[in-house]
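Being a predicted model, the structure only gives us computed values, none of them experimental.
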Protein chains: 2
Amino acid sequence: MNARDTFKQLPHKTIERLSQYRRALLICLDNNKDHIFSHEIAKIQHITPVQVRRDLMLIGYSGTLRKGYNIQELIDLIADIIDSEVGINVGIVGMGNLGRALINYFSGKRHKLSIAAGFDVNPDKIGRTVNGIPCYECKTMKEIIQEKNIEIGIITVPATQTTSVAKKLVESGIKGILNYTPKPVEVPEGVYLEEYDMITTLEKVAFYVKMENERTADMARLRQDQGTAASDF
Amino acid sequence: MNARDTFKQLPHKTIERLSQYRRALLICLDNNKDHIFSHEIAKIQHITPVQVRRDLMLIGYSGTLRKGYNIQELIDLIADIIDSEVGINVGIVGMGNLGRALINYFSGKRHKLSIAAGFDVNPDKIGRTVNGIPCYECKTMKEIIQEKNIEIGIITVPATQTTSVAKKLVESGIKGILNYTPKPVEVPEGVYLEEYDMITTLEKVAFYVKMENERTADMARLRQDQGTAASDF
DNA sequence: TTGCAACTGTTATTAAATTAACAACTAAAA
DNA sequence: TTTTAGTTGTTAATTTAATAACAGTTGCAA
Ligand SMILES: NC(=O)c1ccc[n+]([C@@H]2O[C@H](COP(=O)([O-])OP(=O)(O)OC[C@H]3O[C@@H](n4cnc5c(N)ncnc54)[C@H](O)[C@@H]3O)[C@@H](O)[C@H]2O)c1
Ligand SMILES: NC(=O)c1ccc[n+]([C@@H]2O[C@H](COP(=O)([O-])OP(=O)(O)OC[C@H]3O[C@@H](n4cnc5c(N)ncnc54)[C@H](O)[C@@H]3O)[C@@H](O)[C@H]2O)c1
């Protein structure tokens with residue numbers, strides 16, 4: 001089995017972590033470090049050193065004993081695995097608050113991923129640029145997507161528009177969709193879909209905060225009871 | 001073991017899905033449906049009906065045979081589990097594009113989770129409101145957080161500021177942090193942390209799009225080869 | 001009124017992901 | 001030179017998550 005086939009079988013979670021490792025490594029490079037230990041990466045990512053070493057084993061990277069991993073080498077290897085050789089173009093549909101925030105954030109961050117176009121229906125936005133990215137009329141989506149070879153679409157329109165926008169993206173030949181609206185979309189086989197809703201994350205945090213609050217309250221009550229019991233002596 | 005203790009042991013993934021189920025159910029309610037089948041929920045969430053039934057089993061909810069689950073009942077039960085009885089207040093640090101987008105999105109969406117304050121250092125933003133949420137000076141963070149009983153902090157400042165903002169939040173007694181900046185933060189024991197970086201998600205989509213592209217290319221090549229072989233006869 | 005199809009609820013099984021265990025090696029300290 | 005502490009890389013074990021299997025129930029159609 002060649003290297004490419006090995007990479008195909010990497011666990012989904014490892015793919016996510018590789019992206020995160022690279023992000024952390026890039027920060028470390030800036031602080032002109034050249035090597036890093038598994039436990040250092042682990043600490044940054046809130047995972048265990050073993051997890052890090054296991055992931056690196058899976059991608060076939062070896063560090064130096066007692067010296068750690070060469071940061072630049074590791075960055076390059078991760079790029080070999082997760083980046084596409086030719087680069088991938090991305091389009092954003094919905095140039096509102098979130099769409100613009102995303103453009104600002106992504107711009108120039110990753111060599112092999114470039115936002116090539118924005119789309120909107122609001123005449124005030126069409127024809128203008130955000131951070132150098134032109135905003136096109138939604139009607140021309142199909143032509144622009146094919147012309148600019150855009151393969152990934154990010155949806156940031158009002159939830160009522162999500163379904164129709166997703167349909168249009170698929171018709172335009174998009175290969176992957178990243179949906180940031182709270183309305184789930186359906187895609188045909190062969191189109192890769194990720195959805196993310198910030199409310200879910202916030203509710204999860206809230207749930208565990210609530211649990212912790214209750215645990216603390218229980219413990220306080222327990223201490224109180226014990227105090228009472230002790231005073232019975 | 002009482003109900004509350006059962007809920008404490010729910011798998012993390014189930015917690016996330018419960019939040020998503022509720023979101024989907026709320027949409028269904030709007031379309032004045034009153035019952036829903038496991039396979040309908042499953043389709044919306046891109047998971048299997050079995051997974052849905054299993055999650056509902058874990059929270060002890062029973063549907064009606066051949067009729068499905070009562071949407072309102074299920075919404076209420078999910079609320080009992082993941083919402084906090086008294087409600088939880090949230091603060092957002094960094095009222096830029098992303099911070100404002102989040103406020104607009106969250107506002108009024110969830111009864112038991114309310115954004116109570118924004119914080120910024122930019123004098124132009126301090127003292128103003130976004131969607132009714134006041135923006136305070138960062139210096140007053142501790143007082144405001146304690147005064148308004150804010151338990152969760154969302155970080156949306158420039159990455160260079162992440163560490164110091166997180167430190168300040170912890171010092172102010174926050175219980176949970178949701179970090180949307182690409183700089184990982186460290187929190188002490190007892191503070192629940194979630195981090196989300198949109199680049200990771202986008203890179204993941206890009207990776208699987210690339211894989212699919214290569215698979216398609218391989219298949220095309222294979223067909224080509226077979227064609228050639230066949231013509232040898 | 002019998003049989004079939006459509007669901008639910010639960011247990012069993014499998015798969016994925018994480019964690020533990022530990023051998024092998026190295027640099028520096030004793 | 002020998003020991004010790006620190007670190008990698010890998011296999012094994014465990015835990016968590018997802019899927020499959022299936023019994024049981026209901027309503028409807030034949
Ligand atoms: N704002 C957030 O933080 C946040 C978080 C999660 C999800 N969301 C969701 O993201 C979406 C966008 O949020 P926002 O705050 O940027 O909203 P927004 O109103 O600022 O932006 C929406 C943009 O989409 C455009 N639009 C409307 N219909 C369109 C169509 N059919 N085709 C193309 N463009 C269209 C509008 O002209 C507008 O520019 C919403 O669905 C929101 O629920 C937002
Ligand atoms: N924009 C996105 O879509 C996106 C996505 C993921 C992550 N992020 C990250 O989220 C952060 C915010 O993005 P944005 O587009 O809203 O940026 P932005 O520049 O529009 O907003 C940042 C805000 O933080 C304020 N600020 C600066 N220092 C502060 C401090 N010490 N305390 C409090 N407030 C402070 C600024 O005054 C500004 O209002 C960035 O770190 C960005 O990388 C953004």
Side-chain angles (χ1 to χ4, degrees), chain A residues 1 3 6-21 25 28 33-71 73-74 77-78 81 193-195 200 204 207-208 211, chain B residues 1 3 6-21 25 28 33-71 73-74 77-78 200 204 207-208 211:
Chain A
M1 196 162 63
T6 312
F7 297 158
K8 278 188 189 162
Q9 305 196 349
L10 290 173
H12 283 221
K13 289 292 175 105
T14 296
I15 298 296
E16 284 177 22
R17 281 191 298 262
L18 288 176
S19 164
Q20 290 165 357
Y21 295 160
L25 292 169
C28 293
K33 277 184 68 168
D34 61 345
H35 281 74
I36 192 169
F37 294 124
S38 60
H39 65 258
E40 293 177 301
I41 300 179
K43 180 140 193 233
I44 299 171
Q45 303 299 148
H46 315 296
I47 56 178
T48 64
V50 185
Q51 181 78 79
V52 174
R53 295 205 297 276
R54 217 175 179 296
D55 284 333
L56 298 190
M57 187 194 83
L58 289 176
I59 64 173
Y61 184 68
S62 289
T64 315
L65 208 48
R66 292 189 65 88
K67 206 172 161 195
Y69 303 93
N70 181 294
I71 296 180
E73 270 178 31
L74 191 44
L77 177 59
I78 292 175
I81 295 166
L193 172 71
E194 281 277 329
E195 308 199 301
T200 295
K204 193 178 174 190
F207 175 79
Y208 287 107
M211 285 295 143
Chain B
M1 196 161 64
T6 311
F7 297 157
K8 278 187 190 165
Q9 306 197 349
L10 289 173
H12 282 222
K13 288 292 174 112
T14 296
I15 298 297
E16 283 177 23
R17 282 191 299 262
L18 287 177
S19 164
Q20 289 165 358
Y21 296 159
L25 292 169
C28 293
K33 277 184 66 167
D34 61 345
H35 281 74
I36 192 168
F37 293 124
S38 60
H39 65 257
E40 294 176 300
I41 300 179
K43 180 140 192 233
I44 298 172
Q45 304 297 149
H46 315 295
I47 56 176
T48 65
V50 186
Q51 181 78 78
V52 174
R53 295 206 297 275
R54 218 174 178 297
D55 284 333
L56 299 190
M57 187 194 84
L58 290 176
I59 64 172
Y61 184 67
S62 289
T64 316
L65 209 46
R66 292 187 67 88
K67 208 172 160 194
Y69 303 93
N70 181 294
I71 297 179
E73 269 178 32
L74 191 43
L77 178 57
I78 292 175
T200 295
K204 191 180 176 189
F207 176 80
Y208 287 107
M211 286 293 143

May I have the distance from B:Leu74 (atom CG) to C:dG9 (atom P), rounded to whole angstrom? 11 Å

May I ask you to test the B:Arg17-B:Gln45 pair for a side-chain heavy-atom distance under 4.5 Å? no

What's the CG-C1' distance between B:Asp55 and D:dA18, to the nearest Å? 10 Å

To the nearest angstrom, how far is A:Leu18 atom CG from C:dA17 atom P? 13 Å

Nearest-0.5 Å distance, CD1 of residue B:Ile41 to CD1 of residue B:Ile47: 8.5 Å

Generate the contact string for nucleotides 11-16 of chain D. Rules: B means base contact, S means sugar-phosphate contact only, - means no protein heavy atom under 4.0 Å. BB----

Tell me whether the side-chain N/O atoms of A:Ser62 come closer than 4.0 Å to OP1 or OP2 in D:dG9. yes

Working to the nearest 0.5 Å, report the span between CD1 of B:Ile71 and CD1 of B:Ile36. 5.0 Å

Can any side-chain N or O of A:Thr64 pair as donor or acceptor with the backbone N or O of A:Lys67 at less than 3.5 Å? no

Looking at side-chain heavy atoms only, is the closest gap between A:Lys33 and A:Glu40 below 4.5 Å? yes

Are any protein N/O atoms closer than 3.5 Å to N/O atoms in nucleotides 22-30 of chain D? If there are, list each pair with its distance.
from: D:dG27; atom 1: O4'; to: B:Arg66; atom 2: NE; distance (Å): 3.3

Residue set satisfying ring-ring contact (aromatic ring centres under 6.0 Å, His included) with A:His12, at least two apart, ordered chain then number -> B:Tyr208

Heavy-atom check, side chain of B:Ser19 versus side chain of B:Ile78, under 4.5 Å: no

Starting at CD1 of A:Ile15 and ending at C1' of C:dA17, how long is that distance when rounded to a whole Å? 14 Å

How close or far is atom C1' of D:dG6 from atom CZ of A:Phe37, stated in whole angstroms? 8 Å

Nearest-angstrom distance from the residue atom CD of A:Glu40 to C1' of D:dT7: 12 Å

First locate atom CG of A:Leu58, then atom CZ of A:Phe7, and finally report the distance between them rounded to the nearest 0.5 Å. 10.5 Å

Rounded interatomic separation in angstrom, taking NZ from A:Lys67 and P from C:dA27: 9 Å

Can you confirm whether B:Val52 sits close enough to B:Thr48 that some side-chain heavy atom of one is under 4.5 Å from a side-chain heavy atom of the other? no

